[in-house]
Each structure stands twice: as structure tokens, then as C-alpha cells.
Number of protein chains: 2
Amino acid sequence: MRPTVHDIAAAAGVSLATVDRVLNQRPGVRLVTREKVETAIREIGYIRDVAAANLAKGRIYPLVFIVPTGDNSFMHGLRSEVHHATIRASIERTDIRIAEVPPFDVPALVAALDAFQGQDIAGVALVATDAPEVRAAVGRLVAERIPVVTLVSDLTDSARHHYAGIDNIAAGRTAARLLGRFLGDRKGEITVLAGSMLVRDHRERLQGFSAVMAEEFPKLRLLPVLEGRDDPELAGSLVSRALSESRDIVGIYNLGAGNRGLIAALKAVRPERELTVVVHELTQHTRAALVDGTIDAVLNQDAGHEVRSAIRVMKATADGQAVIADQERIRLDIFLKDNLP
Amino acid sequence: MRPTVHDIAAAAGVSLATVDRVLNQRPGVRLVTREKVETAIREIGYIRDVAAANLAKGRIYPLVFIVPTGDNSFMHGLRSEVHHATIRASIERTDIRIAEVPPFDVPALVAALDAFQGQDIAGVALVATDAPEVRAAVGRLVAERIPVVTLVSDLTDSARHHYAGIDNIAAGRTAARLLGRFLGDRKGEITVLAGSMLVRDHRERLQGFSAVMAEEFPKLRLLPVLEGRDDPELAGSLVSRALSESRDIVGIYNLGAGNRGLIAALKAVRPERELTVVVHELTQHTRAALVDGTIDAVLNQDAGHEVRSAIRVMKATADGQAVIADQERIRLDIFLKDNLP
DNA sequence: AAATTTTTGATTTACGTACATCAGAAATGG
DNA sequence: CCATTTCTGATGTACGTAAATCAAAAATTT
């Protein structure tokens, strides 16, 4: 049987109340007594029964998710995952609120963050737009001892406690290698479509992609990046224009959202143009395009995992507990048409 | 605040004891009363607090993992993950025992399974060798209402409650596409190395691999499968021999274990022979080979996830609770040198 | 050594559920 | 309508921890 607080009390020769004071760092225990208890805890290998503790505390965690609006499938899926979490909220002792802000809108994001200053909040998760103002707003929350977690896209040099998302440099590198290897001996131009260079995830993907392309696939030349603002319409028209302007394009990498528009543009030039295409985010559109051969590979981050991980981290941070870094690592999923879930 | 048993009692106009009888399907409740309570449960949306329930029950789950011996890294890793689970055992209210059996040894596996007949066991997880005798032994356990979960490799047409592992047909198909696309316009022979056709995971990987190769890459010809019994030494010598016998081999797929031997054989013929290589299981050896370019892609199943999933499923099954299929789906990881964890 | 402050002990209630007991009520049989 | 069986209520204890209260003991100050 695993040891309980009673066993510590007995082992340390003190009362239950004193053990409680030590365990919950309450005042009124002499240093020598505290050390006696801590030794006993270590020696008999006591581990707090978190379930029982939470039951006794009756604690609930008010959490906030700040996510961008926008009608691309990924953000839609992310919002839906957060929503799912609110449904499980009562059983996880959380109380989750969702705040929506326009995408790539720094003042709006700052306003949303500042709204939670001084509030009774156990944690804030946000999809960060990488700007100094946002960094400062996050700093203000952290200064108030509110746990802050960035979701999907990180915030450079900020005080945020944790980042729940994939390694975007690695993602970009992987995309480059897939595209380069799939193209084999072919030479030509590669078009990269991004949402905005204002967000760090997109910048990092491009960085990783460019690095591997330059190092390992010199026969492929990168065209200037197209910024589609994660908007399907805009993305589609940008790609259509690029394809009509150059006949040498052999590959496309979409590191942002807006795949719906991209896919439509691709279908418009098929089958005359032979293109190898790698995109991010598995949605109903990219899935169908993967199956029908319009797209060759999809890189994906599991929004559900990211949301659940963010919640775990915020709760742990609020309780001053350590997070198991390995368990919270978000993996990059690679989907070909054969391993779709 | 989420509703409790007290709220049900009040809502249904019955006593706490009656609610308890209904919730835990104890006898002594008239049909009409039972229905009254069940309606109240549904209407106020009561969800049992599992933490509190487990606390009250003081229940522990005695679980058994039957894993193959053998000194390949994957099984080593699997055993180590089970061992890790035994360390977390006390906090998860489990009591995990590990039984080791020789690999591909049907009688030994059957004996191990039968040893748990009539024992007080909350669940058995096994790496299945796909044979009728094993199927029968699993049937006997299931008949005793002991939850049985297959791990890594499944058991055809058996009564096992759940399979905690990847979709091996999809894995084989994915390997074929990666190999085929990486080879581009090259033509030649492909060597497939397996552990044993006695285990279903290997058979399925081969099946998926062969299908995609035949459908989509007719320029690549499959050589007869080499059976390396997941033994590094044997695998290495088989591959060395194959490579010396044919100069037309352009690709290798190792769908089993024993990568250490394969890698040694590959290094022996490098850089004269240009080979594209896809293997299974990320280990220290395959990781190094991926980084130095000896291997082009590694397909992986996360043994830790599999073990943890198996535990969750056995506990849920023992309690007669439903498992969330989506959450227990084990993903196929694809690693290139750029996205190593 | 007395007065004061600090530390410790003993005890109780609570969290939400499980489980057992016993008495009393309701339904059923004859 | 009474006897019997079946159902229901009331109540208490337990799980391991948190948190509060009050009294008693020990340490510290004067």
C-alpha cells in the first residue's frame, strides 16, 4: 500500500496537522521540525494523491484561450478543439473561456490579453502574433503570476511559461526534404505560399525550408514568398497568378492556411502542369486532395493534442508543479495518401 | 458546480442509498424507481466523479504484460516502457507484472497466457504471435471476463477486446510510397527484410508494401522476402548476401527489427552502392543511420504510447466503461533526418 | 520567573463516492 | 387482512487530503 500523510506523521513523530503545514507550506513550523518531516517524506517515498487532494480542495481552474477568428479550416478546427475541452471542463475541474480576435491584429490581441489583468484566472493560452506589444502584454500577465502558454505559434523572447506547438523549423526542413526527394532529378522553381511573416511559425517554417533547399537541393530555385494571409480566396489567386507567370514551377509548399484556394488553383491547371505539392494542416480539403493526388504530402499538427497539452501545462504551472517536457512535446505528423487516419 | 449523487437523489425524490443502488447496479430497486433515477441522472447531466469513486473503492488493477525476450532495440524499448509504467503504478492504482516469453514461440506464449486463468487479474496485454493456439488461449481468458489487449501485433479473428498498435497495412503502404517516390525514375530490385511471417504485423506490412509497389511503381521489382527473425546478426548476413548476389538492388525495406545488422551491412557496401532505405522503429541505431544518410526514412510506433494506451483500455474494460476509440488510435510516425525528436 | 510569542497537537468537517447495516415502508402472496 | 417478501430510507464509515479551530506545549523575550 502506498504511504499516506498518516504514515509520514508516524514516521516523523509529529502530528497530522504539522505534516499538513509542511506539505502545503503553511507557516508555523520550526525549521528543525520541517526538516524532520521532509526527511520522513523522502525516506518512506510519499507521493501526494493528487486525486484526493483535488477532491478535498474543490479547486477549479478558470482558463482562457485566445484564438484568431478567420474561416480557414485549421483555426476552425482549433476553436472546435477548445470547445470540446469546455465540454470536458467539469470533469477536469476547469472553466474554459474562449476569446476570439482578428488574425494578425496586434492591437486586438494586446487588448484581449490586457482584459485579463487582475482577473482571477489560472492561465491564458494564446495563438501569438509575434510583436513587441504582444510580448509586453504577456509580460504583464506573467508579472501577475498568471501562467501563459503560447499555442501553435510562439512569441520570441517572451516570458511565456510554455509553447504548445510543433518545432516549425523542423517542419520546414521536413517539407523541403520531402519536396526535394519527391522531385528527384527534376529541376525548376519552387513557390512558397505563407500566411503572414508576422507570425513566428510561418517565419520559422520558411527558414527551415529555405535552409534545406539551399543546402541539399541546389537544382531547385525558390521564388519570392507569396503572402496569402491564410485566406483561401487570396491564396488561390496568388498561386494562379504565379503559375501563369512561370512555366518552370515544379513544386509548391504552402506553409500557412488557405489550402482550399490553393487546391482550387491546382485543379484548374491539372493535368497539364505536373506539380509536387506539400502543405500544412490536415483538413477535409487537404485530405481529399491527398487522396485524389492533387497534393503529395500533408504536414500536420494535432490541434486536439495542443489544446489538451496547453491545459495540462497551465494547470501544472498554476499549481507550481513541474511539467514533463517529453510528454508535452507536440509531434509533427506526416501524412501521405496511405496513412491517413 | 457539477451535480453530485445528492442532486440526483433530490431530483428523483429518492434517498442516496437508492441512487447508489442504481448507479452501481446493485439489486433491490423496483423497475419504476430505477427508471425514475435514471431519468434524473440524464436530465441533470450527472457524471460520476471517477477520482472520488476510485478513492472510495480503493481499487487497484492487477495487470499483466506478456512481451517477447530478444535483444533487438524495439523490444528492449517496449520492455522499458512497461517498466516505466510499473514505476507510475502506485499513482495510477495499477499493479503491473511483466512476463517474458521467447519470440515467435507459440507454445511458450500459450503457457504464459494459461498461467493467468483463474487468477485475480484485471487485464492481460500481449504481443501476439498469430496462431490458432494463441487465439484459443486468448479466448479462454476472455471467457473468464478478463480483458485482453494485443500490443504491437494483432491476433486474427480473436476475441481480444482491443488492439494497441499501428495500422500495419497503412505502414507498409506508406513505406512503399516513400521508397517509390524517393527512387523517382530509377528502376531495379527491392529487397524486403522481415522478422517472421508468423506475426501479423509483419505480414500486414508486407501486404501493404507489395500492394502499393505493384499498383504504383511497376518499375521496381520485389525480391523474395528475407526472414531475419528480428535478429541483428542474421538480418545483417542475409542482407549482405542479397546485395552481393544482385547488383540491381536499389532499395531496401526492413519491416521488422534487427536494424543494427542491416545498418552494418549497408555501411560495408557504401558508398559504392547507392541504396534508398526505409526501416521501422526509431532506435539509437536507426537514428544515427538516419542522420548520417545510411537510412532515408524511419517509420515508428511510439512504444510508450502503446503501453499507456493498453493500460487505459484494460482499466476501462475492467470497469465496463467504453473506450474513446479516437483517443486510443496509435499513430504511425514518419521520421526523416529533419524531424527527429 | 513571568509574560509573551511561536510552534505543535488534537480534533473536526469537508470533498464525492462506495458500501454496509438495519429499520421501516410498500408491494405481493395467500 | 395478515404474513411474507421485496423495496426503500436513514445513517454511518471509509478512502486520502485540505483546511480550520482551539488548546497545550515549547521557545523566546522581558
Side-chain angles (χ1 to χ4, degrees), chain A residues 1-41 44-61 89-94 318-321, chain B residues 1-41 44-61 89-95 315 318-321:
Chain A
M1 230 36 245
R2 67 189 273 202
T4 74
V5 279
H6 294 86
D7 301 318
I8 308 174
V14 300
S15 78
L16 221 68
T18 301
V19 173
D20 180 67
R21 290 178 184 117
V22 173
L23 277 176
N24 298 290
Q25 26 233 353
R26 268 185 265 277
V29 184
R30 259 187 311 166
L31 188 64
V32 279
T33 316
R34 156 158 285 128
E35 277 167 355
K36 209 163 59 179
V37 173
E38 279 165 352
T39 306
I41 290 175
I44 68 177
Y46 168 81
I47 308 162
R48 186 200 239 99
D49 184 328
V50 193
N54 281 335
L55 179 61
K57 274 195 285 216
R59 153 146 220 197
I60 53 148
Y61 302 79
S90 75
I91 118 163
E92 289 174 350
R93 312 190 110 74
T94 56
D319 289 343
Q321 293 191 313
Chain B
M1 232 33 245
R2 67 189 276 202
T4 74
V5 279
H6 295 84
D7 300 318
I8 307 177
V14 299
S15 78
L16 222 72
T18 301
V19 174
D20 179 68
R21 290 180 184 116
V22 173
L23 277 176
N24 298 292
Q25 24 230 358
R26 269 183 266 276
V29 185
R30 260 187 311 164
L31 190 62
V32 279
T33 316
R34 158 159 283 132
E35 277 167 356
K36 212 163 57 179
V37 173
E38 279 165 351
T39 306
I41 290 175
I44 68 175
Y46 168 82
I47 307 161
R48 186 199 240 98
D49 184 329
V50 192
N54 281 336
L55 179 61
K57 275 195 284 215
R59 154 147 221 198
I60 52 148
Y61 302 80
S90 76
I91 115 162
E92 290 176 349
R93 303 185 174 288
T94 56
D95 172 24
K315 287 169 76 173
D319 288 343
Q321 292 191 312

ask   = With sequence neighbours left out, what residues match Asp49(A) under salt bridge (Lys or Arg N to Asp or Glu O under 4.0 Å)?
value = Arg93(B)
task = Identify whether NZ of Lys or CZ of Arg in Arg59(B) sits under 6.0 Å from the centre of the six-membered ring of Tyr61(B) and within 45° of that ring's axis.
result = yes
query = Relative to the 5' end of DNA chain C, which residue comes earlier, Thr18(A) or Leu55(A), by the nucleotide with the nearest heavy atom?
reply = Thr18(A)
ask   = Taking atom C1' of dA26(C) as reference, at what distance in whole Å does atom CG of Leu31(B) sit?
value = 16 Å
request  = Round to a whole Å and report the spacing from CD of Glu92(A) to C1' of dG16(C).
outcome  = 18 Å
message = Pick the closest DNA chain D nucleotide for Gly28(B) and for Arg93(B) by heavy atoms, then say which residue is nearer the 5' end.
response = Gly28(B)
ask   = When Val5(A) is tested against each of Ile41(A), Asp20(A), Val19(A) for side-chain contact (heavy atoms from CB on, under 4.5 Å), which residue passes?
value = Val19(A)
ask   = For Gly28(A), does its backbone N or O pair with a side-chain atom of Arg21(A) as donor and acceptor, under 3.5 Å?
value = no
request  = Return yes if some donor-acceptor pair links the side-chain N/O of Lys315(B) with the main-chain N/O of Glu92(B) below 3.5 Å, else return no.
outcome  = yes
inquiry  = Val37(A) vs Arg34(A), test: side-chain contact (heavy atoms from CB on, under 4.5 Å). Steps then yes/no.
reply    = CA-CA 5 Å; Val37(A) 173; Arg34(A) 156 158 285 128; 5.9 Å; no
request  = Look at all strands and tell whether Gly58(A) reaches a base, only sugar-phosphate, or nothing, counting heavy atoms closer than 4.0 Å.
outcome  = nothing
ask   = How does protein contact run along nucleotides 17-30 of chain D, one letter per nucleotide 5' to 3', with B for base contact, S for sugar-phosphate only, - for none, heavy atoms under 4.0 Å?
value = BSB-B-----S---
